[in-house]
Amino acid sequence: MSDADNPVHNDPTPAAALPRGNPGARKRLLTVLAVVVVLAALAWFVFGVLLAPPSEETDDAYVAGDVVAITARDGGTVVSLHADNTQAVKAGQPLIDLDPATADVNLAAAEAELARAVRATRADFSRVGASSAAVIQAQAQLSAAQADYARRKAAAASGAISGEELSHAADAVKVATATLNLARAQKSQARSTVAGTDVNNNPTVMTAIAAYRRAAIIRSHMHIIAPIDGVIAQRTVQVGQQVQAGAPLMAVVPLNRLWVDANLRETQLRDVRIGQPAEVVSDMYGGKVVYHGRVVGLGAGSGNAFALLPSQNASGNWIKIVQRVPVRIALDPKELDKNPLRVGLSVKATVDTADLSGVRLAKQAASPYRGDVATDASNPAVEARIREIVAANR
């Protein structure tokens, strides 16, 4: 068979250039697809732009939170560490132990001083009783001297005794009077040290009690505990290190108390109000996890105003730049517990500005944020020990 008899080899048209399917059907399909795309774009514009509730959004937003510093309240040598970076701790959990030897010695000295003060106060009360007895004795001696002088004076009038004996009797009255005055002064002095007090509220004893409490507080500072629940970060202390009072040791970050600082442009703040709902999407989890929060406050100034080197707009070389103001958005603790965030993460925040009934400036003071900071100032065990020392030496 020749090549002319074979239709396949005689067709010079490439296979790729042959029409595939029905050209009219392809044209209709492309037309329908274009109509669908146009309708989808139109629907997005109507429902996503024209009919969408007003809102302000920014991707210049970051997660912020409290970084609770753990510092040495009194100096000492680190003998043990109970927590390290990335570890979760509970409030009251031990973190660091300092060498308590010196603090124990000072506490023992304060205990001995308290016992001495109680005994000294008890002696002061005893001196009041002794001075009262001395006054009574001096009064008796004065009465006897006066009676003897009266008898001798009568005898001297009849010439029974000499004038010298009468003079000695008069001198005895003067001595007894001076002795009585001295006894009364000593009684007054003794009573002034304990007047209106008892052993428990005597100034000397109270000073010793305060010194014991101070020593107990310093002793408690040798055992550092976590003030709040959180995660350990920025640990800089090492075992064996000598630390001074106020030295930073580590930090605790409560991840259940985070917020978002959304840096909105000043042109976006016109309709932002306190209490408006907000949605936050983090780069960490993506759009599948949406956090819900509320606007709780606006910054007192732009970030540029509080910068380390603020701009000098009056210098003459000036370029207008749209400023940004941080807007704080509080997050739901339950959502944070389910999907934890970290301080400093990037997020995208969207504030729903439809409700304009809120205020522009927060006027209510925030509730105090307190932690469980260990102290023995009102420790029941310390107070019980003070009562034991007072009772034992009373």
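Positions are given from 1 along the sequence.
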Step by step, would you call E266 with R324 a salt bridge (charged side-chain N to carboxylate O under 4.0 Å, His left out)? CA-CA 6 Å; E266 55 185 316; R324 291 180 179 267; over 6 Å; no

Side-chain donor/acceptor of [X] to backbone N/O of [Y], under 3.5 Å:
{"X": "R360", "Y": "R270", "result": "yes"}
{"X": "Q268", "Y": "E57", "result": "yes"}
{"X": "D337", "Y": "P333", "result": "no"}
{"X": "N263", "Y": "D60", "result": "yes"}
{"X": "D74", "Y": "H221", "result": "no"}

Could you walk me through whether T353 and D271 satisfy the side-chain hydrogen bond (donor to acceptor under 3.5 Å, both in side chains) test, starting with their C-alpha distance in whole Å, then the side-chain angles of each, then the deciding distance to 0.1 Å, before giving a yes or no? CA-CA 6 Å; T353 59; D271 295 333; 4.9 Å; no

Going only through I, L, V, M, F, W and Y residues with side-chain contacts under 4.5 Å, is there a path from [X] to [Y]?
{"X": "I232", "Y": "L255", "answer": "no"}
{"X": "L107", "Y": "I218", "answer": "no"}
{"X": "L98", "Y": "V105", "answer": "no"}
{"X": "L345", "Y": "L336", "answer": "yes"}

Between [Y] and [X], is there a side-chain donor-acceptor contact under 3.5 Å, judged purely by atom types and distance?
{"X": "S357", "Y": "D355", "result": "yes"}
{"X": "T77", "Y": "D99", "result": "no"}
{"X": "R235", "Y": "N85", "result": "no"}

Answer whether the closest heavy-atom distance between the side chains of [X] and [Y] falls below 4.5 Å.
{"X": "Q276", "Y": "L356", "answer": "yes"}
{"X": "S282", "Y": "L341", "answer": "yes"}
{"X": "V243", "Y": "V78", "answer": "yes"}
{"X": "V272", "Y": "L264", "answer": "yes"}
{"X": "V252", "Y": "I228", "answer": "yes"}
{"X": "V327", "Y": "L269", "answer": "yes"}
{"X": "V290", "Y": "V280", "answer": "no"}
{"X": "Y285", "Y": "N339", "answer": "yes"}

Criterion side-chain hydrogen bond (donor to acceptor under 3.5 Å, both in side chains) on D332 and H292, from CA distance to verdict: CA-CA 6 Å; D332 187 354; H292 300 85; over 6 Å; no

Closest heavy-atom contact between [X] and [Y]?
{"X": "A110", "Y": "Y212", "answer": "CB-CA, 3.7 Å"}
{"X": "A64", "Y": "D261", "answer": "CB-OD2, 3.6 Å"}
{"X": "G358", "Y": "R273", "answer": "O-CD, 3.3 Å"}
{"X": "V281", "Y": "G287", "answer": "CG1-CA, 3.7 Å"}

Evaluate the criterion salt bridge (charged side-chain N to carboxylate O under 4.0 Å, His left out) for residue pair R385 and E111; output intermediate values, then yes/no. CA-CA 9 Å; R385 181 55 183 161; E111 181 175 338; 2.2 Å; yes

Between E279 and K348, does the salt bridge (charged side-chain N to carboxylate O under 4.0 Å, His left out) criterion hold? Intermediate values first, please. CA-CA 8 Å; E279 292 185 352; K348 179 180 180 180; over 6 Å; no

Residues sharing L30's hydrophobic cluster, by side-chain heavy-atom contacts under 4.5 Å among ILVMFWY, directly or via others? none

